[in-house]
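One structure coming up, written as structure tokens, with questions to follow.
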Amino acid sequence: MNKKQRIAIDMDEVMADTIEKFIQLYKREHNFNASLEDMRGKEFRDILPAELYNTTRKYVNEPGFFRDLPVMPDSQRVVKELHEKYDVFIVSAAMEFRNSLIDTYDWLAEHFPFIAWQHIIFCGLKIVKVDIFIDDRTRNFVDFDGRALLYSSPHNLLINDYERVDNWLQVADKLL
Ligand SMILES: [Mg+2]
């Protein structure tokens with residue numbers, strides 16, 4: 001029997017809706033209404049008033065920030081189905097934020113309990129040997145020679161160099 005193909009899946013802005021958390025947080029804490037239209041091709045902090053520009057870094061470094069991120073629509077069902085057909089790995093550059101490690105681990109255990117610990121890769125640079133890689137950051141594809149699927153997020157909408165998926169239903173169409 002053939003070996004299953006390996007898929008690496010990123011978390012932030014792919015499985016977890018970090019942008020939606022920011023939108024709600026800045027509405028509540030700063031009375032700032034972020035629009036997705038203004039975000040095209042930009043990072044969230046780029047659309048903030050100058051005095052708030054550095055505040056996103058403070059929030060992502062706080063314990064708890066990554067614990068209650070909204071789950072991306074349809075991701076639980078599609079990742080579960082992928083998990084049955086492929087060798088699925090969750091690959092997150094969690095080392096960037098010290099306090100994210102436990103939050104991210106617990107978030108995965110709550111929302112994706114079928115992913116075993118051996119299939120969770122918390123790392124710095126994403127140097128992985130897989131066949132398919134789903135991520136929203138093109139920097140993670142630079143040294144990758146498999147099939148890269150760029151998961152749409154406001155910051156990458158102006159990039160045309162990769163096969164793109166806008167949502168999990170499109171991931172299902174392509175891979176299931
Ligand atoms: Mg990401």
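The residues of the chain are indexed from 1 along the displayed sequence. Counting starts at 1 for both ligands and their atoms, in listed order.
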Considering only N, O or S atoms, which atom of D10 is nearest to the Mg ion (ligand 1)?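 Atom name of the closest N, O or S in D10: OD2.
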Any chance CG of L101 has more than 12 other-residue heavy atoms, nucleotides or ligands included, within less than 6.0 Å?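 Yes, CG of L101 has more than 12 neighbouring heavy atoms, counting only those of other groups under 6.0 Å.
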Test applied, ring pair (Phe, Tyr, Trp, His ring centres under 6.0 Å); reference residue, F66; option that passes from Y59, F97, W107: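 Of all the options given, the one that passes is F97.
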Only N/O/S atoms count here: what is the atom of D12 closest to the Mg ion (ligand 1) called?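 Of all N, O or S atoms belonging to D12, O is the one nearest the Mg ion (ligand 1).
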State whether E13 contributes an N/O/S atom found under 2.8 Å from the Mg ion (ligand 1).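 For E13, the answer is no, given that no N, O or S atom comes within less than 2.8 Å of the Mg ion (ligand 1).
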Show the numbers, then the answer: is there a ring-ring contact (aromatic ring centres under 6.0 Å, His included) between Y162 and F133? CA-CA 12 Å; Y162 292 92; F133 193 173; over 10 Å; no
Would you call the rings of F22 and F65 parallel, tilted or perpendicular, where under 30° means parallel and over 60° means perpendicular?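 Answer is tilted, since the angle falls between 30° and 60°.
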If I take every N, O or S atom of D136, is at least one of them less than 2.8 Å from the Mg ion (ligand 1)?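 Within the cut-off used here (under 2.8 Å), D136 does place an N, O or S atom near the Mg ion (ligand 1).
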